[in-house]
Protein chains: 2
Amino acid sequence: MEPIQDKKTLLFESALELIRVHGFHGTPVSRVAREAGVAAGTVYTYFNSKDEMILELYKYVKLKVLAEVSTKDNPELPFQQRFFAFWDHLTSLYLSKPAFQSFMEQFVSSPYNTPELQQSTDLWGAWLGKFFEQGVAVGALKPLSPQILAIMVIGSVISLVRYLTYFESKTQSVKGELTQIPQMVWDGIKNH
Amino acid sequence: MEPIQDKKTLLFESALELIRVHGFHGTPVSRVAREAGVAAGTVYTYFNSKDEMILELYKYVKLKVLAEVSTKDNPELPFQQRFFAFWDHLTSLYLSKPAFQSFMEQFVSSPYNTPELQQSTDLWGAWLGKFFEQGVAVGALKPLSPQILAIMVIGSVISLVRYLTYFESKTQSVKGELTQIPQMVWDGIKNH
DNA sequence: AGCTAGTGAATGAACGTTCAATCAATTTTA
DNA sequence: TAAAATTGATTGAACGTTCATTCACTAGCT
């Protein structure tokens with residue numbers, strides 16, 4: 001059924017933007033519904049509760065990120081090139097969709113995020129794991145667990161994007177240096 | 001007046017722990033008061049509102065972190081040594097006080113955190129700036145802005161600690177590699 | 001006695017959720 | 001083919017709960 005998916009997506013997008021600006025507790029279900037152009041009660045034909053909506057929203061965003069980053073990856077290229085492309089795509093995705101970045105960050109640091117949730121099947125995590133595994137396999141990366149490598153890299157992307165978002169104005173001075181960040185990360189994880 | 005400071009601190013610690021477990025919206029003022037052993041109304045003799053309490057809590061934690069890390073720093077030592085010590089102290093502080101880490105993370109990714117707040121006088125940010133500035137000045141670090149360097153480093157610490165917190169169990173396998181993380185970060189930021 | 005700090009029941013607003021009523025579209029019937 | 005019946009999504013007012021905040025009162029100190 002298309003109408004169902006359409007309206008669900010509308011609710012997701014509405015919730016994403018509201019949560020970016022007002023946070024979880026600052027966005028009433030009624031408001032999410034209004035911005036999506038539906039009545040409050042309608043939300044409950046698509047989700048059983050506000051919490052369930054937020055959990056599904058999390059999966060929705062992770063899938064979007066995965067789709068974006070994975071389709072742009074070309075496993076034929078030398079790993080170093082793949083790494084810098086990966087960095088660029090993830091950074092510009094987050095910069096172009098600030099609500100993605102903001103929601104994901106709020107979510108993972110909130111009580112919604114539990115160890116169980118993290119360990120449940122997670123295509124994005126799996127993709128990341130494989131990506132860094134390959135880097136190790138071809139000898140481009142230090143022989144560490146893919147998880148550890150992912151920590152390093154994703155952590156830096158997140159921090160960078162937050163920095164850019166918060167200091168948009170005074171960023172001019174350091175903007176030139178920003179291209180050096182992926183280089184620094186690469187220097188840290190590359191073999192030798 | 002000591003009693004004032006004492007009770008304020010009690011409220012802070014109570015709020016920290018509750019927020020770690022239940023998040024901002026999951027911790028009613030009344031609960032914070034109860035766990036601190038005071039009545040709900042008392043909170044309002046120390047803070048004008050819940051929001052103000054949380055903002056002050058943020059400053060409280062930042063000062064604590066600053067105190068811990070700065071007193072343990074020895075500017076006489078070679079910078080590389082200072083860096084690894086800094087990393088250790090910050091990591092183990094966060095690991096020993098999970099509520100610090102959890103609260104800070106929730107706070108910075110929430111709407112409480114505004115650009116204005118970040119730019120207001122911030123001793124912890126200032127200390128970090130000076131720390132990395134010195135690293136650059138003595139030629140130990142790449143000649144980048146201290147802010148950029150701080151992003152890299154703090155981002156990695158945060159990610160690492162979150163990882164350790166969430167995957168406490170299955171961590172055994174990779175625990176040996178964890179000591180390599182500061183080394184990787186160092187390899188990324190050091191000069192040459 | 002006067003003063004301050006603390007109390008906790010009361011208040012009112014906001015919120016998540018429910019549900020009887022409505023509406024549009026589709027299917028059945030004649 | 002046209003009217004009637006059925007279906008299920010949609011609505012939004014209403015409900016009950018929770019929560020931040022207030023305030024009349026008390027306890028304890030000087």
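Everything quoted here is computed from the prediction, not taken from an experiment. Residue numbering restarts at 1 for every chain, and letters A, B, ... go by the order of the sequence lines. Below, all heavy atoms of this structure are taken into account, side chains as well, without hydrogens, waters or symmetry copies.
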- Message: Classify A:V38 by what it touches in the nucleic acid, base, sugar-phosphate, or nothing, heavy-atom distance under 4.0 Å.
- Response: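 Sugar-phosphate contact only - A:V38 comes under 4.0 Å of backbone atoms but never of a base.
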
- Residue mapping more 5' on DNA chain D - nearest nucleotide basis, B:K50 or B:T42: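 It is B:K50 whose nearest nucleotide is closer to the 5' end.
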
Of the nucleotides [options], which has the atom closest to the [X] side chain?
X	options	answer
B:Y46	C:dC15, D:dT10, C:dG6	C:dG6
A:Y44	C:dT17, D:dA20, C:dT7	C:dT17
A:A39	C:dG16, D:dA20, D:dT11	D:dT11

Atom [atom1] of [X] and atom [atom2] of [N]: how far apart are they, to the nearest Å?
X	N	atom1	atom2	result
A:H25	C:dG16	NE2	C1'	16 Å
A:D51	C:dT17	CG	C1'	13 Å
B:R34	D:dC19	CZ	C1'	13 Å
B:E52	D:dT21	CD	C1'	13 Å
A:L11	C:dG16	CG	C1'	15 Å
B:K8	C:dG6	NZ	P	12 Å
B:N48	D:dC23	CG	C1'	16 Å
B:M53	D:dT21	CE	C1'	13 Å

Near-ring test [Y]/[X], centroid separation under 6.0 angstrom:
X	Y	answer
A:F79	A:F131	yes
B:F24	A:F24	no
A:F47	A:F12	yes

- Item | Charged N-O contact under 4.0 Å between A:D88 and A:K72 |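 Salt bridge: no.
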
